[in-house]
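What follows is a short report on a single structure.
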2 protein chains.
Amino acid sequence: MLTRVSSTPTFKRLPRAIREQQMLDAAVRVFSRRGFHAASMDEIADDAGISKPMVYAYLGTKEELFVACLHRETARMMEAIAGAAAPDLPADQRLWRGLRAFFGFVGAHRDGWKVLYRQARGSQPFAAELAAMRARLVGVVAGMLDHALRAEGREVAETELEVVAYALVGASESLGDWLADHPDAEPEKTATRMMNVAWLGAGQLLGGVTWRPPAN
Amino acid sequence: MLTRVSSTPTFKRLPRAIREQQMLDAAVRVFSRRGFHAASMDEIADDAGISKPMVYAYLGTKEELFVACLHRETARMMEAIAGAAAPDLPADQRLWRGLRAFFGFVGAHRDGWKVLYRQARGSQPFAAELAAMRARLVGVVAGMLDHALRAEGREVAETELEVVAYALVGASESLGDWLADHPDAEPEKTATRMMNVAWLGAGQLLGGVTWRPPAN
DNA sequence: GCGTAACCTTACGTGCGAGTAGGTATGCTG
DNA sequence: CAGCATACCTACTCGCACGTAAGGTTACGC
């Protein structure tokens, strides 16, 4: 009814690119603290300091918005990891740097990580997106293990490698989750612990040592 | 308007205890394939071959229903694991039996596992429930490691143990997830693979071998 | 200085699904 | 066979939050 007495515009007009980033920032914050379902577009708009129709105009529906968040965060993360692990280093060095980058990223973007890891798993539409990223990670790790194996003249079935890689990635994700919930924990230390478990375990495997189930 | 010509009752009347189980079965199925949000009470009722008000009468609101599913499935799982690992066996035997029981459970209740692991993580109300179960598991594993350590006269800070245990549990959960998505995979084999990574890694750690980050 | 395009708003339509009111049938107990 | 408790149903209300229509305002090009 009353069309706001245009006293002071209160908020500045900004170019689209900027606003989009602000919206994504807000979306990640809200999604991470409410979960996908409980997060309302109104709250996201509010948190971004903008009104709802703008969000729809720029980023589309709620699902599309969430996917956009997913894309940005996964891209950032993969970039961080890829940038850290030079491909011509020895395997343990590569693994270490990858882990350090990963936990560093999670530590610095705890909200983003919560969105990625916790929300996206359940609902069908997003699971695929996330699974794709995990598949890339698993592929990288498996490739690393394979490389190290061949260097020692050994060879292992592909499935075997993949499952081991999957376990390592899973353990890292899980510790990442732990890290996201413990604001005081140090990413570097967490990475070291993970490296201990991963490398000593994998190292043994690479060395040809295996554990066999007992008869019983 | 038309109050169903009572030709044949079509479906039998059953005592409450039975119906409750049927409803929980249906709920687990539907939650696992749709996710918590997308699952509708109508569909659950339908799947259970009963009408919606019965679900409300017996199990309460949607959230309460989900929590009931969580309770039942976690109880079953903990029971399966606890029943397998006799406390007086050597550490590797206990770990092996625990893992085998765990993957056996997941293989036999893939739907239940999906509900537990995927859906409950995100939304606030349920996360606590799930976290409690994981905490128990982590506690058990950490205790096992600690026991094995003391037997060898060594000792490690509690946090350290807990984080290692957390990583192992996380890796197992992750492989469990992988198993739930691969109907043809054998639980036993998956357990063996997990055991390889876990025990060789943990074994090294127990033996006093550790990996240290390089200077750089 | 004026048009036009992009930015931004308030205020609403709408559908879906959680939860309920009120009534009917059926078996068990005496 | 009365009576009562319990199993069970159809058919509704209603609120919430997604998504949008229609219009106001600022900046920038010419």
Q: Could you state the atom-to-atom distance from CD of B/Glu43 to P of C/dC16 in whole Å?
A: 15 Å
Q) Tell me, which pairs form a salt bridge (charged side-chain N to carboxylate O under 4.0 Å, His left out) where one or both residues lie in residues 20-38 of chain A, sequence neighbours left out? A) A/Arg16-A/Glu20, A/Asp25-A/Arg72, A/Arg29-A/Asp47, A/Arg33-A/Glu43, A/Arg33-A/Asp47, A/Arg34-A/Glu43
Q: Between B/Lys52 and A/Lys62, name the one whose nearest nucleotide on DNA chain D is closer to the 5' end.
A: B/Lys52
Q. Roughly, in whole Å, what's the span from CG in A/Asp42 to C1' in D/dG15?
A. 14 Å
Q: Round to the nearest Å and state the distance from B/Ile44 atom CD1 to C/dG17 atom P.
A: 12 Å
(Q) Does a side-chain N or O of B/Arg19 approach OP1 or OP2 of D/dT6 to a distance below 4.0 Å, or not? (A) no
(Q) As a test of reading the structure: which of C/dT20, D/dC9, D/dC18 is closest to the side chain of B/Ser51, going by heavy atoms? (A) D/dC9
Q: Measure from the side chain of A/Ile50, starting at C-beta and using heavy atoms only, and say which of C/dT9, D/dC18, C/dG19 lies closest.
A: C/dT9
Q. Separation of A/Leu14 atom CG from C/dT9 atom P, in whole Å?
A. 11 Å
Q.
Would you say that B/Glu64 contacts B/Leu59 through its side chain, given a criterion of any heavy-atom pair below 4.5 Å between the two side chains?
A. no
Q | Nearest non-hydrogen partners of B/Ala127 and B/Arg121, listed with the distance | A | CB-O, 3.8 Å
Q) Just how far, in rounded Å, is P of D/dC8 from CE of B/Met23? A) 7 Å
Q.
Does B/Ala39 reach a base, just sugar-phosphate, or nothing at all? Heavy atoms under 4.0 Å.
A. sugar-phosphate
Q) For the pair made of CE in B/Met54 and P in C/dT26, what is the distance, rounded to whole Å? A) 15 Å
Q) Is there a donor in the side chain of B/His37 and an acceptor in the side chain of B/Gln119, or the other way round, less than 3.5 Å apart? A) no
Q: Write down the distance between NE2 (B/His37) and P (D/dC16), rounded to a whole number of angstrom.
A: 15 Å
Q. Is there a donor-acceptor contact under 3.5 Å from the side chain of B/Lys62 to the main chain of B/Ser40?
A. no
(Q) What contact category does B/Ala45 fall into here, base, sugar-phosphate, or nothing, at under 4.0 angstrom with non-hydrogen atoms? (A) nothing
Let me have the donor-acceptor pairs involving side chains of residues 76-86 of chain B, under 3.5 Å, with sequence neighbours excluded, atom names and distances please.
none

Dump the pairs, protein N or O against N or O of nucleotides 3-6 of chain C, anything under 3.5 Å, distances to one decimal.
residue : atom : partner : partner atom : Å
C/dA6   : N3   : A/Arg13 : NH2          : 2.9

Q) Is it true that A/Lys114 and A/Asp177 have a side-chain N and a carboxylate O under 4.0 angstrom from each other? A) no
Q. Of all the nucleotides listed (D/dT20, D/dA7, D/dG19), which has the minimum atom distance to the side chain of A/Pro53?
A. D/dT20
Q. Atom CZ of A/Arg34 and atom P of D/dA17: how far apart are they, to the nearest Å?
A. 11 Å
